[in-house]
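Since this is a predicted model, take the numbers as computed values, not measurements.
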Amino acid sequence: MKQLVTCAAMAGMILAAAFGQAFDKSKLITKNDQSPGKETSVTIGGKQLWIYYHAPSVRTRHIFGGDGALQPDDSVWRAGADYATVLHTDAALDIHGLAVPAGDYSLYIFLDKGKWQLIVNKKTGQWGIKQDGGTTDEPADELGRTALTMAKPAAPVETLKIALSSAGGNRGKLQIDWANVSASVPFTVK
């Protein structure tokens, strides 16, 4: 019996190593009621993609652009609150020209005066900002950056919303809406 249990445990470890461990989202859960954890997911071509993020609300604050903004121009935003936002993909992606292998990544956004760039970072599980208020995005850990398409939502969006959706075939879209900004980027599942 002991040999059977040992063999089963070893088989489990081999399968986990062969297929990779699933990212443990429970490590990202906080008790911050003002920025609750949210998830969006989509299946395209049989491959699962999901994003886990913390969704802050505007709460009368000036969020983007100009003097006094919570997230000033020419800064890197953690695309949410608390832990850096996590993207998981079961398949390789082409995010508007940026090749992203299957795996887990953190997402940040470079706020370039209305010309935002999505940053895909190879590290996960880090708090989104440092004690000094700087970002935890380190350029050496970046897989790359790609331009986002900017727009204004029909009405101000009180609580941050990130959505993944299918656009037909092997194509999809990542959409980010908060305050007076809507940003999106197309992707292809390889």
pair [X]-[Y]: side-chain heavy atoms closer than 4.5 Å:
| X | Y | result |
| --- | --- | --- |
| Val120 | Leu107 | yes |
| Ser57 | Thr159 | yes |
| Thr85 | Tyr108 | no |
| Thr135 | Arg78 | no |
| Leu174 | Leu87 | no |
| Gln48 | Ser41 | yes |
| Ile162 | Lys38 | no |

Taking all atoms of both residues into account, what is the closest heavy-atom pair of [X] and [Y], and its distance?
| X | Y | value |
| --- | --- | --- |
| Lys122 | Tyr105 | CA-CD2, 4.0 Å |
| Lys161 | Tyr53 | CA-OH, 3.7 Å |
| Tyr52 | Gly37 | OH-CA, 3.4 Å |
| Val42 | Leu164 | CG1-CB, 3.8 Å |

Quiz item: Under the side chain to side chain donor-acceptor pair (under 3.5 Å) rule, what pairs show up with a residue in residues 179-190, not counting sequence neighbours?
Solution: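 Found Gln175-Ser182, Asp177-Ser182.
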Does [X] belong to the same Ile/Leu/Val/Met/Phe/Trp/Tyr cluster as [Y], with side-chain heavy atoms less than 4.5 Å apart forming each link?
| X | Y | answer |
| --- | --- | --- |
| Val157 | Trp77 | no |
| Val185 | Val86 | no |
| Leu70 | Ile129 | no |
| Leu111 | Val76 | no |

Quiz prompt | Side-chain donor/acceptor of Thr40 to backbone N/O of Ile51, under 3.5 Å | solution =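 A pair under 3.5 Å: no.
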Practice problem: Give a yes or no on whether Asp132 atom CG has more than 12 heavy-atom contacts from other residues, nucleotides or ligands under 6.0 Å away. | Solution: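 Atom CG in Asp132 is packed in, count exceeds 12.
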Quiz item: Just wondering, more than 12 heavy atoms not from Glu158 lying within 6.0 Å of its CD?
Solution: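 Above 12, so yes.
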Quiz item: Pick from Glu142, Lys123, Gln126: which one makes a side chain to side chain donor-acceptor pair (under 3.5 Å) with Ser106?
Solution: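 Only one of Glu142, Lys123, Gln126 forms a side chain to side chain donor-acceptor pair (under 3.5 Å) with Ser106, namely Gln126.
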About how many Å separate [atom2] of [Y] and [atom1] of [X], when rounded to the nearest 0.5 Å?
| X | Y | atom1 | atom2 | value |
| --- | --- | --- | --- | --- |
| Arg145 | Asp112 | CZ | CG | 9.5 Å |
| Glu138 | Lys130 | CD | NZ | 4.0 Å |
| Leu148 | Ile109 | CG | CD1 | 5.5 Å |
| Leu98 | Ile119 | CG | CD1 | 11.0 Å |

Quiz item: Excluding sequence neighbours, so at least two apart, what forms side chain to side chain contact (heavy atoms under 4.5 Å, CB included) with Val189?
Solution: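 Here the qualifying residues are Ile44, Lys47, Leu49, Ala91, Leu93, Phe187.
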Quiz item: Can you list the residues that meet the side chain to side chain contact (heavy atoms under 4.5 Å, CB included) rule with Pro56, with sequence neighbours excluded?
Solution: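 So Pro56 forms a side chain to side chain contact (heavy atoms under 4.5 Å, CB included) with Ser35, Arg61, Ala81, Leu160, Trp178.
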Quiz item: What class does the angle between the rings of Tyr83 and Trp127 fall in, given that below 30° is parallel, 30 to 60° is tilted and above 60° is perpendicular?
Solution: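 The arrangement is perpendicular - the two ring planes meet at more than 60°.
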Quiz item: Is the His62-Phe64 ring centre distance short of 6.0 angstrom?
Solution: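 Not close enough - the centres of the two rings lie 6.0 Å or further apart.
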Quiz prompt | All pairs passing salt bridge (Lys or Arg N to Asp or Glu O under 4.0 Å) where residues 65-77 contributes a residue, at least two apart | solution =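 The answer is Asp74-Lys113.
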Practice problem: Not counting sequence neighbours, list each pair that qualifies as a salt bridge (Lys or Arg N to Asp or Glu O under 4.0 Å) and has a residue in residues 80-99. | Solution: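 Residue pairs passing salt bridge (Lys or Arg N to Asp or Glu O under 4.0 Å), neighbours aside: none found.
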Self-check item: Contacts of Thr146 that satisfy side-chain hydrogen bond (donor to acceptor under 3.5 Å, both in side chains) - sequence neighbours left out
Solution: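 His96.
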